[in-house]
Amino acid sequence: MTLNPLLSSSRAIWSLSSSSSTPALRPSSAPYKQPPGTVRLEAVACRAPRQPPTADTPASPPFISPAVEPEGVGAAAPSPGERFLDYQQARDTAALVLKQRGSKEEKKKKSARGNAGSSSAAFCCYGCGAPLQTEVEDAPGYVDYDTFELKKMHHQLRSILCGRCKLLSHGHMVTAVGGHGGYSGGKQFILAEELREKLSDIRHEKVLIVKLVDIVDFNGSFLARIRDLTGANPIILVVTKVDLLPKDTDLNCVGDWVVEATLKKKLNVISVHLTSSKSLVGITGVISEIKKEKKGRDVYILGSANVGKSAFINALLKMMANKDPVAAAAHKYRPMQSAVPGTTLGRIKIEAFQGGGNLFDTPGLHLHHRQAAVVHSEDLPSLAPQSRLRGQSFPVNSKGNPAAPDIVILNGFSFFWGGLVRIDVLKVLPQTRLRFFGPRKLQIVMVPTAEADKFYHKEVGVSLTPPSEKQRDQWPGLQSVHPLKIKFEGQKRPASDIAISGLGWISVEPYGLEMGENEHVDYKGGELHLDVHLPRPVEVFVRPPLPVGPTSAEWYQYRELTESEEELRPKWYY
């Protein structure tokens, strides 16, 4: 008699309880002694369909077929040694697969690095961020071929300074940006629109923005479309070059003025800092604020061209290097700084923080409405103030000059600020004074308005510079006229500032403000009419007067704030 293979191969025994209406099945690996009243059943290959349980009948466990018997059940269950052997074999196999996969990926990475090494564009100059190249000698990022190959062999391509940066470090004016907002002269290798496009993806990332603004050109350098770059990211506003403000200026008043101007922009500004990269004023406060708000994120330095981003980063690294070895190492290969607007041409990644997050120097944004966009590249140095500002007043205070008349009315006179600005005084009150704050290299000349046109055509490029004499023929002239109407709000404070984008500002104030000589003149309600002539793209801003000078604290008025306004208002530091 031949045994049924299904029955002979089965090692499981099931018991059926006679006390229950539903069979209770349970596996067993040992001989089982039947209690009285039970029936012994042998396992078979087929089984009857099971009826669904009812409310009166409890659900029975699923029937376990011998063909799908769970592992580790029954008389032939694997021993602990067999289980350990299977585990070891599986682990060794997995390790071998991962090793083979890792070697393939490493080969791909090495191949990519090799291809990148053969192409200099994979590495950038640490001074300006331009891709390294060995072909065009005058272009940014140029490195001698032998030098490049030597650095490549020693894996030092990240420590190369390109030829343009070396020239900039020796004071040469080497421009590279053209297009809308770029320079009309010099060499142009990249468009201003391309530089802005390189930063357009920042708004999609979660980063911390440090936005720089030049106090000498606050309105012109503020970046009107800053939201297009920052998105909803928090902003630390850093006001640079406060060391250029007139002597004895009260920075408390300046800080409050900056906060009031910033609130009108409706940006996500968390704090305001008055700084000087030259004297290191306020840099420590910025470092503390960055460490507090960074929270592991990358930090991007943004600002217009020539606002002082690279100088600010160098000051930042210098202060951080005293306590942070990571910043000390980064300070060795710091970004290039020069007087040329547009020194930085690409993002420069700087590993300056411990615990995650990098510092990025970014290209300066070139704005078409600033004076730097209309003058020739050779005249750019004349637009940057090199020393502390001292307001040049017209008319000059005659207190120490008895021969001069006590009252000089400016009606019917025109003022030339170099060859870049002309102001016609149509109607002002007696004892009204204009004070010019800007670079000293630009000469200020006062002539009768009736002779202004003839004088300008004769002296532009000669005594009225910029433009320089050799650029005189290509100079388009002062093509646009901006009529302004200004009112005095009192006799103790200036009426307003006329800010020229990319140059400086002109304060319209009562004559003899320091000595109280204007008290007999009723300035309140008086209206002033001025015409401002500028090159076509340059903009002019009429703003509340910036409180500078020793008397600013006497006339500046702080706005009264409610508790809710005080909480939402960003704090300022210096």
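Quick caveat, the model's predicted, so the values are computed rather than measured. Residue numbers count from 1 along this sequence.
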J.: Ring-plane angle category for F394 and F436, please: parallel below 30°, perpendicular beyond 60°, tilted otherwise.
T.: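 Rings of F394 and F436: perpendicular, as their planes differ by over 60°.
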
J.: Would you mind telling me which of P510, P545, C253 makes a side-chain contact (heavy atoms from CB on, under 4.5 Å) with W555?
T.: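 It is P545; the other options fail the test.
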
J.: Is the NZ or CZ atom of R422 positioned over W417's six-membered ring, under 6.0 angstrom from the centre and within 45° of the axis?
T.: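 No; the conditions do not both hold, so R422 does not lie above the ring face of W417.
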
J.: Tell me the closest heavy-atom pair linking I202 and N233, and the distance in Å.
T.: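 Where I202 meets N233 most closely, the heavy atoms are O-ND2, 3.6 Å.
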
J.: Suppose we call two aromatic rings close when their centres sit under 6.0 Å apart. Are Y558 and W257 close by that rule?
T.: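 Ring centroids of Y558 and W257 are no less than 6.0 Å from each other.
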
J.: If only side-chain N and O atoms count, and only distance matters, is there a donor-acceptor pair under 3.5 Å linking S310 with D361?
T.: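 Their side chains do contain a donor-acceptor pair, which is all the 3.5 Å distance test asks for.
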
J.: How long is the straight-line distance from CD of E527 back to CZ of F488, given to the nearest 0.5 Å?
T.: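 Answer for the CZ-CD pair, F488 versus E527, is 12.0 Å.
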
J.: What are the two closest non-hydrogen atoms of T343 and C128, and how far apart are they?
T.: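 Closest approach of T343 to C128: O-CB, 3.3 Å.
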
J.: Side chains of R543 and N219: donor-acceptor distance under 3.5 Å anywhere?
T.: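 Present: a donor and an acceptor within the cut-off.
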
J.: Looking only at heavy atoms, what is the nearest atom pair of A373 and H368, with distance?
T.: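 What the structure gives for the nearest pair is CB-O, 3.7 Å.
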
J.: Testing the basics here: between T449 and S414, what is the closest heavy-atom pair and its distance to 0.1 Å?
T.: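 In this case the closest contact between T449 and S414 is OG1-OG, 2.9 Å.
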
J.: D531 and H482: side-chain donor and acceptor closer than 3.5 Å?
T.: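 No, no side-chain donor-acceptor pair sits under 3.5 Å.
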
J.: Centre of F353's six-membered ring, under 6.0 Å away, within 45 degrees of the axis: is that where NZ or CZ of K291 sits?
T.: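 Here K291 fails the 6.0 Å and 45° test against F353.
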
J.: Can you tell me how far the CG atom of L316 sits from the CD1 atom of I350, to the nearest 0.5 Å?
T.: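 If I round to the nearest 0.5 Å, the distance is 9.0 Å.
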
J.: Is it possible for you to check whether K349 lies under 6.0 Å from the centre of the six-membered ring of Y126, through NZ or CZ, and within 45° of that ring's axis?
T.: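 Ring-cation test returns no.
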
J.: Restricting to non-hydrogen atoms, name the atom on S501 and the atom on V538 that form the minimum distance, rounded to 0.1 Å.
T.: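 Residues S501 and V538, closest heavy atoms: O-CG1, 3.9 Å.
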
J.: F455 and F416: aromatic ring centres closer than 6.0 Å?
T.: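 So the answer is yes for these two rings.
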
J.: Would S277 and K241 count as a side-chain contact (heavy atoms from CB on, under 4.5 Å) here? Give the steps.
T.: CA-CA 7 Å; S277 301; K241 306 179 183 179; over 6 Å; no

J.: Strictly by modelled atom types, are S279 and D243 linked by a side-chain donor-acceptor pair under 3.5 Å?
T.: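 Side chains of S279 and D243: no pair found under 3.5 Å.
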
J.: Roughly how far apart are K211 NZ and L302 CG, rounded to 0.5 Å?
T.: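 Rounded to the nearest 0.5 Å, the NZ-CG separation comes to 8.5 Å.
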
J.: Return yes if a side-chain donor-acceptor contact under 3.5 Å exists between D250 and Y556, otherwise no.
T.: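 No, no side-chain donor-acceptor contact under 3.5 Å.
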
